[in-house]
Number of protein chains: 2
Amino acid sequence: MNNDEGQNGSGLLSGTVSYGLKRAYRRVIRDLEEALRPHDFTPPLLAALSIVEANPGIAPAHLAEAMGHGRSRAAPLLDRLEAKGLLERRDGADRRSLGLHPTPEGVAMLQRLRPLLQAHEGRITAGLGAAEARGLAALLERVAPGG
Amino acid sequence: MNNDEGQNGSGLLSGTVSYGLKRAYRRVIRDLEEALRPHDFTPPLLAALSIVEANPGIAPAHLAEAMGHGRSRAAPLLDRLEAKGLLERRDGADRRSLGLHPTPEGVAMLQRLRPLLQAHEGRITAGLGAAEARGLAALLERVAPGG
DNA sequence: TATTGTTATACTCTATAACTATA
DNA sequence: TATAGTTATAGAGTATAACAATA
């Protein structure tokens, strides 16, 4: 390799919160994908199932909103979770709306994933002290509220 | 909408640095895409051009490394920047390697984008004080070093 | 007319592997 | 044989628009 010139950072972007978030997120998503892969799971699947478990009976549109995207994104995610037997679409308040519920298998899956996620969180915050990690989480909550 | 049940957060993911980073990043990428769209620019294009300007003569493989992905990702990015007349692929040290340089138009584009990026950064950190924003940037640098 | 869930479609980002030309 | 740049390919995530059923 031997790049004699070295690297002078990213110019305009260097040191900004915006670029720092981008770089940190990439670390997160890669580490998490790798951790979930042996369980045939992905980060969006995990987020969806986790939100449904915390909000049983939630409608697809509200799930999508909680995940920060449009209604149409929910359907394929729910298809995959339902095909795995982890989640059910039941009748909702309306006859046009649905209530989402985790199956016992879905709950068990989340239980099984918990230590894996703690290890993931540990790797991401490995360079920080416990108080710093809490402080970072609090700052992030203020950058993007509603987590 | 009127979701009477309310929302109980994201279960397993609530309050973690990992999920906070994901949510904050989504805010960043959307705001930045929207800010760049009128200039027919995208975040990856901006990152690449910015890095090339800060490291003139850098090779495609090193650019890709600085952006955190594989070699093959550089080519289409460079194609687009070259087609816009913002960047040149010149001969490098080897006859098999290239040196990347911004054109005067590329430098001018970055100048034009600078206030736009400052406004973007301001929106992202709007909920934080100046010292908090600096602290956040420093924590992020420790989560994902090399920015 | 508005809303819910869904489908269709397209586009970007990304990763892997294979190809070429140099070394 | 190893490396640099590129091409080909495929897959995931996302956004928009349009549709059918229901309100």
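We name chains A, B, ... by the order of the sequence lines, and we start the count at 1 in each one.
Looking at residues 25-38 of chain A, you'll see that no heavy atom sits under 4.0 Å from any atom of DNA chain D. Contacts between residues 79-97 of chain B and DNA chain D, defined by a heavy-atom separation below 4.0 Å, involve R89(B), R96(B), S97(B), listed by number. DNA chain C lies under 4.0 Å from at least one heavy atom of each of the following residues of residues 67-76 of chain A: R71(A), S72(A), A75(A).
Summarising the geometry, the separation between CG on L98(B) and P on dA23(C) is reported as 12 Å, rounded to the nearest angstrom. Here the P atom of nucleotide dA12(D) and the CG atom of L46(A) are 17 Å apart, to the nearest Å. One can place NZ of K22(B) at 12 Å from C1' of dT14(D), the figure rounded to the nearest angstrom. For the pair L77(A) CG and dG11(D) P, the computed distance is 18 Å after rounding to whole Å. If you measure from atom CG of L63(B) to atom P of dG5(D), you get 10 Å, rounded to the nearest angstrom. Taking atom CD of E65(A) as the reference point, atom C1' of dT4(C) lies 14 Å away to the nearest angstrom.
Residues that satisfy the ring-ring contact (aromatic ring centres under 6.0 Å, His included) test with Y19(A), not counting sequence neighbours, are absent from this structure. Residues that satisfy the salt bridge (Lys or Arg N to Asp or Glu O under 4.0 Å) test with R89(B), not counting sequence neighbours, are D79(B), E82(B). Scanning for side chain to side chain contact (heavy atoms under 4.5 Å, CB included) contacts around R71(B) gives A61(B), with sequence neighbours left out. Legend: residues meeting salt bridge (Lys or Arg N to Asp or Glu O under 4.0 Å) with E105(A), ordered by chain and number and at least two apart, are absent. Not counting sequence neighbours, the partners of R90(A) by the salt bridge (Lys or Arg N to Asp or Glu O under 4.0 Å) test are E88(A). For A74(A), the side chain to side chain contact (heavy atoms under 4.5 Å, CB included) test picks out P60(A), A64(A), L78(A), with sequence neighbours left out. Considering only residues two or more places apart in sequence or on other chains, R123(A) meets the salt bridge (Lys or Arg N to Asp or Glu O under 4.0 Å) condition with D31(A).
Among pairs with a residue in residues 36-52 of chain A, those fulfilling side chain to side chain donor-acceptor pair (under 3.5 Å) read D40(A)-K84(A), at least two apart in sequence or across chains. The side chain to side chain donor-acceptor pair (under 3.5 Å) contacts involving residues 128-147 of chain A comprise E132(A)-R142(B), R142(A)-E132(B), where partners must be two or more places apart or lie in separate chains.
Remark: side-chain polar atoms of R27(A) are paired, donor with acceptor, to backbone N or O of V143(B) under 3.5 angstrom. Within the 3.5 Å criterion, the main-chain N or O of L86(A) finds a donor-acceptor partner in the side chain of T103(A).
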